[in-house]
Amino acid sequence: MRMILASGLLLATFGGAAVAADKVQIGDKGIFPESLTSTADGTLIVGSVGTGQIYKAAPGATTAESWIAPATDGPAAVLGVYADEKNGNLWACYSDLALFSGAGKGSILRSYELSSGALKTTVPLGDGTFCNDIATAADGTAFIADTAGSQVFKVAPGASSAEVLVKDEALASVDGLSFAPDGALYLNGVSTNKLFRLAMNADGSAGALTELTLSQEIKGPDGMRFGDDGVLYLAENAAGRVSAVTFDGDTANIKVVEEGGWDMPVAVTKNGSTLWVLESKFSKMGGNEDPGTFYAYPVALQ
């Protein structure tokens, strides 16, 4: 998510992709969704900044219905959501948008039972933090991007507190993060328009942090996820597009999947041969213009 909040058939330029026929409506009004995740059966799960709810769409459904109610304490907005299907967890970031105007509550990370939505753990991240996205390792350890603190936390399975994995000025505005098939953690800076690779040591500590050379510029890199094809799919909210990223050493090769069709796409998830793209419409948040209905759009990857 950017720190400053500011349909039909669309042809793509990556592998002959095109937006598929059926989109999924997220709730009703005032949703302003920020993140989505999926499970192997095609279920979509979406977090809402506007309502503080978490929504879920069953496979094939055309509407994501309210599933997890707003939290009764702490920050209200739901940002990153991540389904760790292997370990049965849904992780969610709760953050306060007022933080970037000089006030606001510290973030809270929560985990829920993926099968039922029942609350499992609550992990306060401390004053001045802005939890924005989550990725998990094979053992269930959660890794959390703190956009305000230029750092990444980690939370061990069953833990009720977080520890700092890495803190570095280079990670200013750190937002999206995702584990590559080889175990390295990839990160982006939503305001700095950068991509990074963080090597992970065998003991779970952070290794070398490398800024990657980009084959072309990216604008507002937000949510990103590796697909089962080894490609990193990236939402560029400031450019209104989604890109596919492959790697050659320390070079990130950027190819546009679709450009110009969305109002601030903030998140992606790949399910089978479909890439789901979440449109936030944050450009209309707090203004007089009716943002209308919110959708996740499917892009068929060929």
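These values consider heavy atoms only, across backbone and side chains, with no hydrogens, waters or symmetry-generated copies.
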Straight-line distance of [X] [atom1] to [Y] [atom2], nearest 0.5 Å:
| X | Y | atom1 | atom2 | answer |
| --- | --- | --- | --- | --- |
| Phe130 | Asp96 | CZ | CG | 8.0 Å |
| Leu234 | Arg241 | CG | CZ | 9.0 Å |
| Ser280 | Asn237 | OG | CG | 7.0 Å |
| Leu90 | Ser111 | CG | OG | 8.5 Å |
| Arg197 | Leu185 | CZ | CG | 11.5 Å |
| Asp290 | Lys284 | CG | NZ | 9.5 Å |

Answer yes or no: is there a side-chain heavy-atom contact under 4.5 Å between [X] and [Y]?
| X | Y | value |
| --- | --- | --- |
| Pro265 | Glu279 | no |
| Ile54 | Ile45 | yes |
| Lys105 | Pro75 | yes |
| Pro298 | Lys23 | yes |
| Leu109 | Phe153 | no |
| Val81 | Val46 | no |
| Ile254 | Glu217 | no |
| Met224 | Asp175 | no |

Just do the side chain to side chain contact (heavy atoms under 4.5 Å, CB included) check on Leu177 and Val174 with the steps written out, would you?
-> CA-CA 8 Å; Leu177 68 174; Val174 61; 5.9 Å; no

Side-chain donor or acceptor of [X] paired with backbone N/O of [Y] under 3.5 Å:
| X | Y | value |
| --- | --- | --- |
| Asn132 | Ala145 | no |
| Lys270 | Gly272 | yes |
| Lys86 | Ala138 | yes |
| Thr129 | Ser107 | yes |
| Lys281 | Thr293 | yes |
| Gln216 | Ile218 | no |

Pairs flagged by side chain to side chain donor-acceptor pair (under 3.5 Å) wherever residues 151-161 is involved - sequence neighbours left out |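 Applying side chain to side chain donor-acceptor pair (under 3.5 Å) to every pair that reaches into residues 151-161, excluding sequence neighbours, yields Asp146-Gln151.
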
Assigning hydrophobic clusters by single linkage (Ile, Leu, Val, Met, Phe, Trp, Tyr; side-chain heavy-atom cutoff under 4.5 Å), is [X] placed with [Y]?
| X | Y | answer |
| --- | --- | --- |
| Met200 | Leu171 | yes |
| Trp91 | Ile108 | no |
| Leu165 | Ile144 | no |
| Phe32 | Val24 | yes |
| Phe294 | Leu278 | yes |

Apply side chain to side chain contact (heavy atoms under 4.5 Å, CB included) to Met285 and Val49, showing your working.
-> CA-CA 10 Å; Met285 192 171 187; Val49 166; 3.5 Å; yes

Looking at every heavy atom in both [X] and [Y], which two are closest together, and how far apart are they?
| X | Y | result |
| --- | --- | --- |
| Thr51 | Gly30 | CG2-O, 3.7 Å |
| Leu79 | Ser95 | CD1-CB, 3.6 Å |
| Gly223 | Val268 | O-CG2, 4.1 Å |
| Pro33 | Val266 | O-CG2, 3.8 Å |
| Asn271 | Ser38 | ND2-OG, 3.8 Å |
| Ser150 | Ser173 | OG-N, 4.4 Å |

Apply salt bridge (charged side-chain N to carboxylate O under 4.0 Å, His left out) to the pair Asp133 and Arg225, showing each step before the final yes or no.
-> CA-CA 11 Å; Asp133 200 8; Arg225 293 286 180 250; 2.9 Å; yes

Over 12 non-hydrogen atoms of neighbours within 6.0 angstrom of [atom1] in [X]:
| X | atom1 | answer |
| --- | --- | --- |
| Lys167 | NZ | yes |
| Asp182 | CG | yes |
| Asp203 | CG | yes |

Working for side chain to side chain contact (heavy atoms under 4.5 Å, CB included), residues Glu258 and Leu275 | CA-CA 11 Å; Glu258 195 285 324; Leu275 181 69; over 6 Å; no

What class does the angle between the rings of Phe179 and Phe143 fall in, given that below 30° is parallel, 30 to 60° is tilted and above 60° is perpendicular?
-> perpendicular

Start with the C-alpha gap between Val78 and Tyr94, add the side-chain angles, then the distance that decides, and say whether side chain to side chain contact (heavy atoms under 4.5 Å, CB included) holds.
-> CA-CA 5 Å; Val78 180; Tyr94 289 78; 3.4 Å; yes

Could you please spell out the steps behind the salt bridge (charged side-chain N to carboxylate O under 4.0 Å, His left out) verdict for Lys219 and Glu236?
-> CA-CA 6 Å; Lys219 297 179 180 180; Glu236 298 182 55; over 6 Å; no

Sequence neighbours left out, what passes side-chain hydrogen bond (donor to acceptor under 3.5 Å, both in side chains) with Asn193? Give chain and number order.
->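 None.
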
Sole candidate of Phe196, Phe226, Tyr233 that passes ring-ring contact (aromatic ring centres under 6.0 Å, His included) when paired with Tyr186 = Phe226

